[in-house]
Amino acid sequence: MDNTNIEAREELMVSPSSIENKARTILPLEIRYNGWRPPTKEWKKWVKKLQPKFEYLWIQTGIFHAIKASTYEIKRDDELVLELANRWCSNTNTFVFSWGKSTITLEDIEVCFGYSLLGSSISNPLMNCEQEKAEKELTEARRMFNCSKAKKVNQRAWMMYFMETESKGEHEAFLVYWLSRFVFPADSYDTISKSVIPVAVHLARGNRVALAPAVLTSINRDLSLLNSVITKKATTTIKSLRVTIWAPIQLVQIWALERFLVLSPRPCTIGHGLPKVARWDGVKVLKNKNLKKDLNIAGFGNDFLWQPYANSPSVNVYNEKDMWKCYNPWWKQKKSSEERDNKRVKVEDH
């Protein structure tokens, strides 16, 4: 049997022993990380095939690093993700530690995974007849798969069809697949999402879309969901609980590995200009018996990096009447830098 046609769905069954246990009995918790999608060999091949032709366009629209990031495989550390989710505060969207609070920021989303901070909203409508025509063609293609025996738009079937036929709309279909699988996973596992088609059309025509804020919103949402299930687990009499996470929650793990020095396995050495996630491609997770303790004391010493990225200016954090303030001029500098770079990028009309 050809194993390349089979993709296993990982599910996690855990007991409260790995998190703060407030329950009197051990209740199984089933977690499905449907947004944590590994790259397939075919996907890497598709990226390699289209990159020479569309790299300049990906750079202009701010998705080049994000597409490259989708070709890396991050080994999941279930205990770390659960421990962080257990410390999540949905009221402030922060992780609460004994030494203070910290959280995933838009800078993390961009530096680690390459999602653009700048651009139009993901909900912006299409602007002209040509774009509407492209949307209609993709929608018709999606409807064609719905008429198949499977009665669903399977991601692999979509990819193989457009990659092998080399049709005019291959690049748009490529972006639809990428958005459906890695950026905004659909609520139906392993299917092509209709809602991402307009976003793909915008990107295919050189229109930058602000993906980072939308990705961060989905992560905050699912961290709150996971935290509520952990809390419910500690007080409920239900025999078992199940939760499905659709956000790319691997960003939470990368955030922790980049900031908590005591957690870090040895990362890979990467070339200049790649997203930070490349450092953790295929890196095996190291078991940490003192995980809870390490997280609790990291901020009291030098084991937590408030400023982990070399391209960020200094950050001043101080306490004034229990109010934490942070000054970081990085935003203004980053915006000006990207605007200058965009003027230098010439994109061919495909």
Side-chain angles (χ1 to χ4, degrees), residues 7-10 12 18 31 33-41 43-44 47-48 51 62-85 87-88 95 102-117 178 181-183 185 211-212 215-216 218-220 222-223 226 245-291 294-295 298 302-312:
E7 181 180 339
R9 183 191 308 194
E10 290 190 51
L12 172 65
S18 61
I31 305 174
Y33 292 98
N34 283 2
W36 195 313
R37 308 302 304 277
T40 63
K41 291 181 180 179
W43 170 245
K44 293 180 180 180
V47 172
K48 187 176 181 180
Q51 182 174 340
I63 62 174
F64 174 70
H65 283 160
I67 289 177
K68 296 295 288 184
S70 67
T71 64
Y72 305 128
E73 182 178 1
I74 306 304
K75 303 292 186 181
R76 196 171 70 230
D77 185 337
D78 293 311
E79 291 188 8
L80 176 57
V81 172
L82 281 174
E83 184 61 43
L84 289 170
R87 296 167 182 268
W88 182 253
F95 299 108
S102 187
T103 194
I104 302 172
T105 67
L106 288 172
E107 182 184 12
D108 295 304
I109 302 295
E110 188 201 39
V111 174
C112 290
F113 276 75
Y115 293 119
S116 176
L117 297 174
W178 173 67
R181 183 177 180 88
F182 300 106
V183 187
L211 298 176
V215 171
L216 181 57
S218 70
I219 291 173
N220 290 345
D222 280 5
L223 279 173
L226 187 53
I245 304 299
W246 291 102
I249 214 73
Q250 58 268 36
L251 265 165
V252 175
Q253 181 170 309
I254 298 300
W255 173 86
L257 292 177
E258 288 290 341
R259 291 175 182 268
F260 288 91
L261 298 180
V262 69
L263 298 179
S264 299
R266 181 172 296 178
C268 302
T269 301
I270 63 174
H272 177 71
L274 291 177
K276 285 287 186 179
V277 66
R279 286 162 34 92
W280 308 104
D281 179 30
V283 174
K284 292 184 178 180
V285 176
L286 301 178
K287 295 298 180 181
N288 188 340
K289 296 181 180 180
N290 301 313
L291 178 60
D294 288 341
L295 294 180
N302 297 319
D303 288 329
F304 182 82
L305 299 179
W306 290 97
Q307 181 197 336
Y309 313 126
N311 64 329
S312 299

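Values below: all heavy atoms of this structure, side chains included; hydrogens, waters and symmetry mates excluded. Bear in mind that the values here come from a model prediction, so they are computed numbers and not experimental data.
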remark   = Between the CG atom in L286 and the CG atom in D77, the distance rounded to the nearest 0.5 Å is 9.0 Å
Separation of E107 CD from Q307 CD (nearest 0.5 Å) = 8.0 Å
ask   = Do you know which two heavy atoms are closest between C112 and L251, and how far apart they sit?
value = CB-CD2, 4.4 Å
message = Let me confirm one number: the CD-CZ distance from E258 to R279, rounded to the nearest 0.5 Å.
response = 4.5 Å
query = What is the minimum heavy-atom distance between R181 and T40, and which atoms define it?
reply = NH2-CG2, 4.0 Å
key: Backbone N/O of I245 and side chain of N34: donor-acceptor pair under 3.5 Å   = no
request  = With the side chain counted from C-beta on, respond yes when I219 and V215 share a heavy-atom pair under 4.5 Å apart, and no when they do not.
outcome  = yes
ask   = What closest approach, in Å, do G114 and A66 show between heavy atoms, and which atom pair accounts for it?
value = O-CB, 3.6 Å
key: Beyond-backbone contact of E83 with R87, side-chain heavy atoms, under 4.5 angstrom   = yes
Nearest-0.5 Å distance that lies between atom CG in L84 and atom CG in L223 = 8.0 Å
task = Show your working on side chain to side chain contact (heavy atoms under 4.5 Å, CB included) between F260 and L291 and close with a plain yes or no.
result = CA-CA 11 Å; F260 288 91; L291 178 60; over 6 Å; no
query = Does the side chain of W255 come within less than 4.5 Å of P308's, by heavy atoms?
reply = no
query = Which is it for L295 and L263 under the side chain to side chain contact (heavy atoms under 4.5 Å, CB included) test, yes or no, and what are the steps along the way?
reply = CA-CA 9 Å; L295 294 180; L263 298 179; 4.0 Å; yes
query = When you measure from the side chain of Q253 to the backbone N and O of K75, does any donor-acceptor pair fall under 3.5 Å?
reply = yes
query = Step by step, would you call L106 with Y115 a side chain to side chain contact (heavy atoms under 4.5 Å, CB included)?
reply = CA-CA 9 Å; L106 288 172; Y115 293 119; over 6 Å; no
task = Indicate yes or no: at least one non-hydrogen side-chain atom of I63 is less than 4.5 angstrom from one of S116.
result = no
task = Mind listing the closest non-hydrogen atom pair of V183 and P248 along with its distance?
result = O-CD, 4.2 Å
ask   = D108 side chain to T105 main-chain N or O, any donor-acceptor pair under 3.5 Å?
value = yes
request  = List the steps, then state whether side chain to side chain contact (heavy atoms under 4.5 Å, CB included) holds for I254 with W280.
outcome  = CA-CA 8 Å; I254 298 300; W280 308 104; 3.6 Å; yes
inquiry  = Please report the interatomic distance OG1(T103) to CG(N220), rounded to the nearest 0.5 Å.
reply    = 6.0 Å
task = Answer yes or no: is there a side-chain heavy-atom contact under 4.5 Å between V47 and W178?
result = no
Cation-pi check, R76 onto W36 ring (under 6.0 Å, within 45° of axis) = yes
task = Can you see which heavy atom on R37 is nearest to which on F182, and at what distance?
result = O-CE2, 3.5 Å
request  = Check for a donor-acceptor pair, side chain of R259 on one end and backbone N or O of W306 on the other, with a separation under 3.5 Å.
outcome  = yes
Test item: P275 and F113 side chains (from C-beta on) under 4.5 Å apart, heavy atoms = no
query = Any side-chain heavy atom of Y72 sitting closer than 4.5 Å to one from L274?
reply = yes
request  = Answer whether the closest heavy-atom distance between the side chains of Y33 and Q250 falls below 4.5 Å.
outcome  = no
query = D222 and A247: which non-hydrogen atoms are nearest, and at how many Å?
reply = OD2-N, 2.8 Å
inquiry  = Would you compute the distance between atom CD1 of I109 and atom CG of L211 and round it to the nearest 0.5 angstrom?
reply    = 11.0 Å
